[in-house]
2 protein chains.
Amino acid sequence: MQSVAATREANAGNGLTERQGVVLEEALRLLVDGGEKALTTAGVARAANCSKESLYKWFGDRDGLLSAMIGFQASKVRTQDVAASALDAESLSRHLVVFAKDLLEVLSGDVSLALNRLAIGQASREGSKLGHMLQERGRRQIGRRAAALLEAGRKAGLLAFDDADEAYGALYGLVVSDWHLKMLLGEEAGEMKKGFGRKAEQAVSAFLTLYGKKV
Amino acid sequence: MQSVAATREANAGNGLTERQGVVLEEALRLLVDGGEKALTTAGVARAANCSKESLYKWFGDRDGLLSAMIGFQASKVRTQDVAASALDAESLSRHLVVFAKDLLEVLSGDVSLALNRLAIGQASREGSKLGHMLQERGRRQIGRRAAALLEAGRKAGLLAFDDADEAYGALYGLVVSDWHLKMLLGEEAGEMKKGFGRKAEQAVSAFLTLYGKKV
DNA sequence: CCAATTCAGTACCGTACGGTACGGTTCGCA
DNA sequence: TGCGAACCGTACCGTACGGTACTGAATTGG
């Protein structure tokens with residue numbers, strides 16, 4: 001995720017130069033370390049060894065910088081699709097557990113938490129532009145991966161549901177419960193991560209109880 | 001919830017004078033309307049017709065004001081306990097649906113969303129004091145109500161679970177899914193509220209499939 | 001009727017931030 | 001070698017905020 005290759009790809013996808021990518025990386029680090037309050041234009045310029053003038057030239061204003069940060073980070077996250085072939089009950093369960101663990105890992109990541117906090121903090125005013133962006137470019141991605149997995153399960157006769165969104169909502173809720181909110185509120189994520197594996201398996205087991213086709 | 005009686009009770013519980021309660025009420029209104037950025041000391045003083053000096057005398061500093069706002073709001077929410085007697089399968093289900101609807105109503109409330117956004121925004125620095133406070137005085141309350149309900153269901157032989165926290169986590173996840181996050185990110189809550197009833201019933205139905213004792 | 005307390009209203013101070021302007025430097029290119 | 005674009009570093013400006021100090025009015029208790 002943090003590799004130079006991923007960064008370069010993200011730049012290309014957003015029409016950013018490499019230098020600008022480095023600056024955004026540094027801005028994200030500042031945001032993760034100190035929250036929105038630490039994300040000042042002067043601070044970013046100092047940390048990235050660039051001038052404030054360049055920041056305004058590249059990103060317009062502070063909000064433009066925030067948007068660029070979200071877009072930049074989102075374009076670094078690539079979700080590989082699962083081969084829809086050869087699904088049996090056991091492999092479906094395994095895929096679901098992997099998905100659940102990935103979901104928990106993503107949601108508990110430093111940068112994800114920081115960006116969500118940022119967007120939530122700005123949600124009151126300004127029509128929640130950042131919130132929509134985060135929703136669209138972040139959650140939609142992982143939602144599509146889940147939808148594909150669920151659809152494959154149904155096609156293979158292993159899952160039974162009418163509304164895919166409803167089924168996904170149940171899966172998401174069983175996996176995440178209120179952990180995301182707790183982490184957003186500042187609960188130490190370090191100690192929670194140990195329980196992710198067990199939590200993911202329990203959630204998938206419950207999900208299959210609800211939506212798995214009886215055998 | 002917004003009645004004068006509730007306000008007075010909240011004041012008494014926190015050692016606040018009536019005047020201070022009015023000020024906090026006004027501060028909450030500012031926060032709901034304009035987010036944290038709109039919650040300036042001068043703004044609160046102007047809106048509440050008090051002096052900044054009084055604000056600092058009563059609450060110490062800005063953080064003290066924020067803490068007082070959370071404590072004030074939390075002490076206005078009273079969760080009535082359910083009579084543990086006369087539980088049959090149908091009444092348990094009904095109670096669970098009511099709980100689920102209440103939960104969704106609370107989480108989608110203006111003040112709740114604003115305070116959660118506030119605490120989340122401050123979670124990066126400062127050891128997330130507000131986050132813990134919100135967690136302790138807000139979620140714990142409703143968590144206890146749910147725990148009591150689940151325990152009553154188990155005592156009556158209607159529910160089967162080993163770990164009450166795990167069962168509550170499943171119930172919470174099924175009910176809330178990712179709606180809370182979406183609302184925190186700024187999704188219009190107005191249109192969602194119509195679906196609360198159906199959502200609550202579906203969630204309870206799923207929960208009973210998982211944890212209801214077979215008959 | 002007076003003294004003490006409380007508080008509203010305002011003015012004030014230091015600071016920090018967003019945004020702009022400018023001088024100096026590097027680098028690519030003709 | 002000369003030229004222009006890009007850019008760093010810094011200085012600067014206006015504003016807004018947190019927090020403090022002061023003044024005058026209202027209230028209270030004796």
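First the proteins, then the strands, lettered A, B, ... as listed; each starts at 1. This structure is a prediction, so every number in the text was calculated from the model and none was measured.
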Could you list all the salt bridge (Lys or Arg N to Asp or Glu O under 4.0 Å) pairs where at least one residue sits in residues 174-185 of chain A, not counting sequence neighbours?
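Qualifying pairs: A/Asp178-B/Arg139.
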Taking salt bridge (Lys or Arg N to Asp or Glu O under 4.0 Å) as the cut-off, I'd like each qualifying pair that reaches into residues 59-73 of chain B, sequence neighbours left out, listed once.
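Matches after skipping sequence neighbours: B/Glu36-B/Arg62.
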Please write out the pairs of protein N or O atoms and N or O atoms of nucleotides 22-24 of chain D separated by less than 3.5 Å, giving the distance to one decimal.
residue : atom : partner : partner atom : Å
D/dC22  : N4   : B/Glu53 : OE1          : 2.3
D/dC22  : N4   : B/Glu53 : OE2          : 3.3

Which residues in residues 31-51 of chain A have at least one heavy atom lying under 4.0 Å from any atom of DNA chain D?
A/Asn49, A/Cys50, A/Ser51
Counting only non-hydrogen atoms, which of residues 57-70 of chain B are less than 4.0 Å from DNA chain D?
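Per residue number, the list reads B/Asp61, B/Arg62.
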For chain B and DNA chain C, what are the first and last nucleotides along the strand, 5' to 3', with at least one atom under 4.0 angstrom from a heavy atom of the protein chain?
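Under 4.0 Å from chain B, the extent on DNA chain C is C/dC7 to C/dG9.
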Give, ordered by number, those residues of residues 116-123 of chain B having at least one heavy-atom distance below 4.0 Å to an atom of DNA chain C; if nothing qualifies, reply none.
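Listed by number, there are none.
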Using a strict cut-off of less than 4.0 Å between a Lys/Arg side-chain nitrogen and an Asp/Glu carboxylate oxygen, indicate whether B/Glu25 and B/Lys76 qualify as a salt bridge.
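Yes, this pair counts.
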Does any pair with a residue in residues 99-122 of chain B pass ring-ring contact (aromatic ring centres under 6.0 Å, His included), and if so which ones, sequence neighbours excluded?
none
Quick one: ring-ring contact (aromatic ring centres under 6.0 Å, His included) pairs with a partner in residues 162-183 of chain A, sequence neighbours left out?
A/Trp179-A/Phe196
My understanding is that only residues two or more places apart in sequence, or in another chain, count here; which of them pass salt bridge (charged side-chain N to carboxylate O under 4.0 Å, His left out) with B/Arg46?
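Expected list: none.
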Could you pull out all residues at least two apart from A/Glu201 that satisfy salt bridge (charged side-chain N to carboxylate O under 4.0 Å, His left out)?
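Checked A/Glu201 against salt bridge (charged side-chain N to carboxylate O under 4.0 Å, His left out); zero matches.
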Using the test ring pair (Phe, Tyr, Trp, His ring centres under 6.0 Å), find all partners of B/Tyr56 that sit at least two apart in sequence or belong to another chain.
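Counting only residues at least two positions away or on another chain, B/Tyr56 forms no ring pair (Phe, Tyr, Trp, His ring centres under 6.0 Å).
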